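Nothing here was measured: the structure is a model prediction, and the numbers come from that model. Heavy atoms only: backbone and side chains are in, while hydrogens, waters and symmetry mates are out.
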Protein chains: 2
Amino acid sequence: MSRISDATITRLSQYYRSLASLEEGGQEMVSSMALARKHGVTPAQVRKDLSCFGQFGTRGLGYSVCQLKETIARILGLHRIWNVALVGAGSLGSALISYKEFKRQGFHIVAVFDNDLDKVGKKRRGLTILDIRRLPQMVKKLDINLAIIAVPKDAAQSVADLLIKAGLKMILNFAPISLKASPGITIRNVNMAIELEALSYRLVADKSFRPGNNPQLTPV
Amino acid sequence: MSRISDATITRLSQYYRSLASLEEGGQEMVSSMALARKHGVTPAQVRKDLSCFGQFGTRGLGYSVCQLKETIARILGLHRIWNVALVGAGSLGSALISYKEFKRQGFHIVAVFDNDLDKVGKKRRGLTILDIRRLPQMVKKLDINLAIIAVPKDAAQSVADLLIKAGLKMILNFAPISLKASPGITIRNVNMAIELEALSYRLVADKSFRPGNNPQLTPV
DNA sequence: GTCGGATTGTGAAAGTGTTCACAAGCATGG
DNA sequence: CCATGCTTGTGAACACTTTCACAATCCGAC
């Protein structure tokens, strides 16, 4: 079967959250219809997403909340603990250390690195900031699986290179620059400014701009 | 012409960044080919993206770096200042206040709100934290255009309701819950945990899991 | 045991986004 | 002024994603 799309994976993550809260509420079964409504998608979409991985439902009844949750957890790798390295002990980095949702899903930030020697040795929410040069050593020692980059734009590419050299294959990048992944390496770029830009585009577009009917857009 | 896709807008944001750095470097013209290579897309993609909004290039020569940059800025609404309200003065909120890229693109966080009365009145990087109940008043007074939610999961929906009631139409949500937008309201959800999950999925998938060939995935 | 109501799983259809391929068109040089 | 080389802009082809629609099938009631 073909590769699973990113959109499908994102939705599975979302279904997972709904299922967890349904389970807390004591509900035993859920239909594709119910799940779909919670996420603003069609029931067919829910079923297609799940069908990429197997058959988990019972016709006439729906899906077992508990079983489906566990199944998705296994698909997404949420059934285990992942050790995460964080590079960048600035304010964003510090915020990420205490971001509850990471820990809740099994992503444990086990080491924080920085290249600023004034910071090295200090603590951030219980974790001692380590010299970035100790990265390769610590990746092995702590069995680190994933890395998060939270450094300024200009440092991001060289940090990524270091991470890859240390053997890491999966990187989540918060620096506002799109890092390109070499083959075998997966980099996900989260650019918070770009998210805002998508909103401001709509703010402009809704008011005055209509594609194809926009004289003032011609080059200056 | 039809609605512009989200992917196109995201790419325009990225082209914009490249153009800014090309301009700094003194380059005057750029071809779709050159721009495409910087972003790992095809030249045709670049041209299609731009052609949604008009014709900005010169055949045989390419695009004027400066003009194209200005044009994209106008499309995305980056040619002006947007006043942004931030709700949630926790660690993520504080990090966002000092996130340079926002200011650089014209997004100015002009007010910070929280419902924790212990925080209200204190300062975060120069901004006094305001009582969330003053939101409607301040939205008008400060002419706020956009809002960012950086509160815990459970508070996110009620904060969104407040923002909408105060007249805001564009919301960027960092709480790990997908807020649904009512008609006329645009909400963008940034879920950092989901980004990590997409990575852990691949970590699991690359090693052991192949869709359709995965006995241990059957429900427990 | 079988009938009825409900819901899944899935091919096929529709819709969207991306790439191809080439005519159109500009600048430069002779 | 025309030929040449290069790059845009765009219709058509292709690829991917979502939705539709319905057969398959399970549960529970009678």
Side-chain angles (χ1 to χ4, degrees), chain A residues 1-15 18-19 22 27-65 67-69 71-72 75 198 211-212 214 217-219, chain B residues 1-15 18-19 22 27-65 67-69 71-72 75 198 211-212 214 217-219:
Chain A
M1 332 240 155
S2 61
R3 225 179 132 292
I4 312 297
S5 84
D6 233 57
T8 294
I9 297 304
T10 301
R11 282 191 299 266
L12 285 184
S13 289
Q14 285 162 347
Y15 303 154
S18 287
L19 290 165
L22 286 174
Q27 196 174 321
E28 301 212 340
M29 299 296 289
V30 66
S31 67
S32 59
M33 183 67 178
L35 212 42
R37 255 201 290 255
K38 284 183 184 293
H39 296 281
V41 300
T42 62
Q45 180 79 80
V46 172
R47 297 199 298 271
K48 259 278 149 72
D49 286 338
L50 296 174
S51 77
C52 297
F53 298 95
Q55 310 192 163
F56 308 117
T58 307
R59 290 165 194 231
L61 282 191
Y63 302 88
S64 152
V65 169
Q67 280 183 11
L68 187 58
K69 172 171 160 274
T71 302
I72 294 181
I75 293 170
N214 203 43
L217 254 187
T218 18
Chain B
M1 331 248 157
S2 61
R3 223 180 133 289
I4 312 298
S5 84
D6 234 59
T8 294
I9 298 304
T10 301
R11 282 191 298 266
L12 286 183
S13 289
Q14 286 163 347
Y15 303 155
S18 287
L19 290 165
L22 286 174
Q27 196 174 324
E28 301 212 340
M29 300 296 288
V30 67
S31 67
S32 59
M33 183 66 181
L35 212 42
R37 253 200 291 255
K38 283 185 185 293
H39 296 281
V41 299
T42 63
Q45 180 79 80
V46 172
R47 298 198 298 272
K48 260 278 150 70
D49 286 338
L50 296 174
S51 77
C52 296
F53 298 95
Q55 309 191 166
F56 309 116
T58 307
R59 292 167 194 233
L61 282 190
Y63 302 88
S64 152
V65 170
Q67 280 183 13
L68 187 58
K69 172 171 158 274
T71 303
I72 294 181
I75 292 170
N214 204 43
L217 254 187
T218 16

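- Atom OH of B:Y63 is separated from atom C1' of C:dC26 by 14 Å (rounded to the nearest Å).
- Heavy atoms of other residues, nucleotides or ligands lying less than 6.0 angstrom from CD of B:Q27 number more than 12.
- Regarding A:L35, its CG atom lies at a distance of 10 Å from the P atom of C:dT8, rounded to whole Å.
- Protein atom CD1 of A:I4 is 19 Å distant from nucleotide atom P of D:dA15, rounded to whole Å.
- As a whole-Å value, the separation of A:R59 CZ from C:dT8 C1' is 5 Å.
- Nucleotide C:dA27 holds its P atom 15 Å from the CD atom of B:E28, rounded to whole Å.
- In this entry the distance linking CZ of A:F56 with C1' of D:dC26 reads 18 Å, nearest Å.
- When each of B:R47 and A:T58 is assigned the nucleotide of DNA chain D with its nearest heavy atom, B:R47 is the one assigned upstream, toward the 5' end.
- In this structure, the CG atom of B:D6 is 9 Å from the P atom of C:dG17, given to the nearest Å.
- Note: CG (B:D49) to C1' (D:dT10) measures 14 Å, nearest angstrom.
- Within 4.0 Å (heavy atoms only), A:S32 reaches sugar-phosphate atoms of the nucleic acid but no base atom.
- With C:dA23, C:dT10, C:dT18 as the candidates, the nucleotide lying closest to the side chain of B:Q45 is C:dT18.
- If you find the closest nucleotide of DNA chain D to B:G62 and to A:A7, the one lying nearer the 5' end belongs to B:G62.
- The shortest distance between side-chain heavy atoms of B:F53 and B:T71 does not fall below 4.5 Å.
- In this structure, A:Q67 CD and A:F56 CZ are separated by 10.5 Å, a value rounded to the nearest 0.5 Å.
- For the pair A:Q55 and C:dT10, the criterion of a side-chain N or O lying under 4.0 Å from OP1 or OP2 is met.
- Listed for the B:T58 side chain is no donor-acceptor partner under 3.5 Å among the backbone atoms of B:L61.
- Residue A:K48 places its side chain closer to C:dT10 than to any other of C:dT10, D:dA23, D:dG9.
- A heavy-atom distance below 4.5 Å is found between the side chains of A:L50 and A:L68.
- Minimum atom distance to the side chain of B:S51 is reached by D:dT10, of the listed D:dT10, C:dT19, D:dT19.
- One finds no side-chain N or O of A:T42 lying less than 4.0 angstrom from the OP1 or OP2 phosphate oxygen of D:dT18.
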